[in-house]
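Here's the structure, in structure tokens; my notes come after.
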Amino acid sequence: MRSDERPSSRPQDEFARLFIQNQGRVYGYIATLLPNRSDAEEILQRTSLVMWQKWDQFDPKYGFVPWARGIALNEIRNFLRRSERKNVHLSDSLVSVLASDVEKEPADDRLTALQGCLGKLEDQQKVLLEQCYLESLGAKEIAGTLGVSVDAIYMRIHRIRRVLEQCIEKQLGGLGSIGDVEG
Amino acid sequence: MTDNRANERIEEEVRHLADRQCDNTITGEELGRLEQLLSDSPELRKQYLNCVRLNADLMWLYRTGDGAANLPALENSSDGAKNWLLSERQEISGESEKTVWRLQYRFLKFGLALTTLFLVALTGVWIGRSASMSERSQRDDESKLKSSSDEAPSKALPFIATLMRASNVVWSETGEAVDVGDRVSPGEIWLESGDAEWLFDSGAKLVLSGPSRMNLQSSLAAHLESGAIVAHMPESAIGFKLSTTAADFIDQGTEFGVVAEHGGPAEVHVFRGQVDVRTKNNVNAIEVFTKEAMRIESAAGAGKTIAFSKVPFGGLEQRVTSPVHWAVDEGGNDHFYELVVLKKPITWHEAAVDAMGRHHSGLPGHLVTVNSQSEDQFLVQTLIRESSARGVWIGLTDVLRESDFRWITGEPMEYANWATYPEQQPDNYLEADWHGGEDYGMYTTFPGKQPWAWNDLSVDSMHEKVSAYIVEYEPPIDALKDRSMVLEPICWETSDGGNGHHYQLVLSLESVDWETIRRRARNFSLGDSMGYLACLETEEERDFVVQQILRVSGIPENMIGLSSGPDSKLKWVTGKPLEGIEFGKPFLPTGQVYGLMFWDYKTGRWDMQTRSVEALPTGWFGYLVEYP
């Protein structure tokens, strides 16, 4: 058999392709409902395992991402019930309401918008984001290197998030640039 | 207008709380407030979702390196920020060229994609559906993963755990060496020998014993490829999954140990609590409870109940098991007990000192005292019987007066459980050692002939080595209410060559200075005689106190009535100068000092020492009161 005569893909190849293609959206969904980084990583991993276990039940007509989100939400709920970490997470019922809010929102490309907005940040703001998100440095450590207070670091990060939120809103609405937004 | 401003304030509050949640700094109270605000208002939920979704997207972009892809914009930036960023990177990578750094992130992105692919491939193996996937393709994936991870900087992955302690560790050459205190990202740990204690960010504590191979996956998951591990899971780590080739073990709030044989069977022994065992072919979890154990032969097999034992963990389980509580509602005294089993023998004195160096709920312990049959049975059934110990020291001694056994805490001896085989104990077996008898209490047993009971043994018996002891911890509240214990005064009889004075040891937990203790001692009285901090002016007097009081108590630090005045000369509280007594070297050069009788572990001797008056005791200590 010539290579181009093979079936287009074996099941696991198809799964891997779809998963890699969409894992950012799945991760985004999970981390929106569970903002803690290690919790989100854990749920992504569990979700991918369950998805693969149930791969033969996947019906393409409903779409890969909605299917993945359903499984992820189930895993999140199980996680919240099992972990019972009081005072760390929002309640199971509120997270379910938030999940349904997410489903109702129109599909948009926030990630691309965010990338565009990141490019417009001031350099020092980018450095701070990198230290915070890329290098996983704690606010205390960053504050130490910069010689400012921990609260000041949190305040700067919050301000950057505000700037990005407003920029994304404008981008998605087809409007201006980050320069229009107050820092 | 007022409504608008109020709404704006609430929206700002939601944004602030969402930020705090994203930063992991939100308090329980704030979380409650956030929950309340979001439950009632779709608008506020929308606001909240915008905040947390941005955080989620940022985590994703920087996780995959796409966030770093915006770096070219920096090339046209101000020098200050550029230099700042560059210096940060040079510290990490030693490279000064940005291009290298950017390239690394492209590799990282590629690497993570392959990691995911590999995860999927592994999953296929995990659920037994890998029949269609050839071993070769899996090997290919593994090699891709390795090469990509070589190129990708690990700093983009989140840290999930910290190496807290390591003893005699030898890391495999093929794995990465880790230092104590290092934070680690998900990845594989190869330990050839020694023990390594990991504290996961979820609070889970895992002690890995070499040779072993483990994959740290997240703050709530690890895969044990082979080797032995013991785990302590606090409430925050409930749901932690320890997977092996044969089965997954899901913690439900517990202490347990797992042994995994390479590529094959696994065993779980639950020291306390509950573990759910999930085999590959059985989705329904099998619950394993305290002192139960299960062996799973293979991924395809079912679990089989086996006898619970701590033996496979060779004492490692002590690192994760909390002291056992004898609760009042179980007929107990609310105290806590801990069996310590060592790899080599320990003398009674060393055990006594070591027990006092151990803490539970912030309070130091002491060698156990057994005051009733029910306490005796509790200790045997809960701690001793299931251990591998052959003999266990307890806080009992008759070193003060032969055949007059006393508890180390000064409690009266109202209950006894002496062994009757092979001889009725205590027998003070005179040939035992050069001390001329057996003066220290221990638990012993002769299988089939003598259940666990007490025996007297010499401190360094040549006949029977003891390498275990039980520590007892008082309940925190009681101990804090009464922070000192006064032992009976003992007279140095003139008929024995003494001075006729009485000496009394007071044990204290209060962290107070010598001067306070000196004043306190003056408030003690015995009959018409007023007390003062003991002045051990002669070798004979000191020997009497050591032999008759300090050896029994086992407390390593005991204040005496010696101090240096402003002229730096040492003198007794009676005003007499210090003469003719050999002195231990002070710990540190210092100004004003006080004196103490100190048990020196290294020499195995009681020495007279001095210490800075600024150094306050940190645990149990004693002070000696003398009555003329």
Side-chain angles (χ1 to χ4, degrees), chain A residues 10 12 15-16 19-20 23-24 27-32 35-42 45 48-49 52-53 79 82-88 90-91 94 97-98 101-102 105 110-111 114-115 118-119 122-124 126-127 129-131 133-136 139 154 157-158 161-162 164-165 168, chain B residues 15 19 21-25 28 31 34-35 38-39 42 45-46 49-62 64 66-68 70 73-74 77-78 81-82 84-85 88 113 116-117 119-120 123-124 126-127 132-133 155-156 158-160 201-202 217-221 236 238-239:
Chain A
R10 290 178 299 166
Q12 58 265 46
F15 176 79
F19 188 80
I20 290 168
Q23 63 174 334
Y27 181 91
Y29 177 78
I30 294 168
T32 298
N36 178 284
R37 187 192 298 239
S38 58
D39 291 343
E41 295 285 342
E42 165 75 9
Q45 206 169 78
S48 65
L49 289 175
W52 175 239
Q53 277 178 310
F79 174 81
R82 195 173 42 237
S83 67
E84 290 176 357
R85 280 191 275 174
K86 301 270 186 302
N87 297 332
V88 178
L90 291 172
S91 67
L94 179 57
V97 173
L98 289 169
D101 287 350
V102 171
E105 292 199 342
R110 301 185 77 90
L111 265 178
L114 172 59
Q115 279 173 309
L118 279 173
E122 289 171 16
D123 295 341
Q124 295 210 351
K126 283 182 201 167
V127 170
L129 277 188
E130 278 162 16
Q131 289 184 322
Y133 285 95
L134 181 66
E135 296 169 22
S136 294
Y154 282 128
I157 292 170
H158 297 177
R161 287 193 195 130
R162 284 305 86 73
L164 289 172
E165 273 168 33
I168 290 167
Chain B
R15 275 197 293 267
D19 276 330
Q21 200 190 9
C22 295
D23 299 338
N24 278 327
T25 54
L31 201 66
L34 183 61
E35 177 104 16
L38 298 184
S39 297
R45 286 203 298 275
K46 190 173 178 194
L49 283 172
N50 278 344
C51 297
V52 290
R53 193 156 42 193
L54 170 68
N55 179 62
D57 288 343
L58 283 168
M59 285 200 285
W60 177 252
L61 286 184
Y62 283 100
T64 56
D66 282 354
N70 291 296
L74 282 174
S77 68
S78 67
K82 196 155 55 179
W84 181 30
L85 184 59
E88 293 289 317
T116 308
L117 194 63
L119 173 73
V120 170
T123 311
W126 186 81
I127 58 171
S132 61
M133 185 185 288
K155 64 187 180 218
F159 293 124
I160 55 165
D201 290 357
S202 57
Q217 295 172 327
S218 75
S219 66
L220 278 166
S236 60
I238 288 176

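Each chain gets a letter, A, B and so on, in the order its sequence line appears, and its residues count up from 1. All values derive from a computational prediction rather than experimental measurement. Values below: every heavy atom of this structure, side chains too, minus hydrogens, waters and symmetry copies.
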Chain B contacts, top residue of A:Ser38, A:Ala139, A:Pro35, A:Gly28 (heavy-atom pairs, under 4.5 Å):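 Going by pairs under 4.5 Å, I would pick A:Pro35.
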
Once you round to the nearest 0.5 Å, how far does [atom1] of [X] lie from [atom2] of [Y]?
X: A:Phe79; Y: B:Ile238; atom1: CZ; atom2: CD1; value: 11.5 Å
X: B:Arg53; Y: A:Leu114; atom1: CZ; atom2: CG; value: 12.0 Å
X: B:Leu49; Y: A:Asp101; atom1: CG; atom2: CG; value: 6.0 Å
X: B:Asn55; Y: A:Asn36; atom1: CG; atom2: CG; value: 10.0 Å

Salt bridge present between A:Arg37 and B:Asp201 (N-O < 4.0 angstrom):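 Not counted as a salt bridge, because no side-chain N and carboxylate O are separated by less than 4.0 Å.
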
Winner by heavy-atom pair count (cut-off under 4.5 Å) against chain A, out of B:Asp57, B:Asn24, B:Leu38, B:Ile160: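 Most pairs with chain A among the choices: B:Asp57.
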
Decide yes or no for [X] and [Y]: does some side-chain heavy atom of the first lie under 4.5 Å from some side-chain heavy atom of the second?
X: A:Arg161; Y: B:Cys51; answer: no
X: A:Val102; Y: B:Arg45; answer: no
X: A:Leu118; Y: B:Leu58; answer: yes
X: B:Ser219; Y: A:Glu42; answer: no
X: A:Leu129; Y: B:Tyr62; answer: yes
X: A:Arg162; Y: B:Asp19; answer: yes

Nearest heavy atoms of B:Asp23 and A:His158, plus distance in Å: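 Closest heavy-atom pair between B:Asp23 and A:His158: OD2-NE2, 2.6 Å.
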
A:Ile30 portion near chain B, given a 4.5 angstrom heavy-atom threshold: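 For A:Ile30, there is no contact with chain B at all, as no heavy atom is under 4.5 Å.
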
Check: A:Glu41 side chain, B:Ser218 main-chain N or O, donor-acceptor pair, under 3.5 Å: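 Not at all, since once roles are kept as given, no pair shorter than 3.5 Å links the two residues.
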
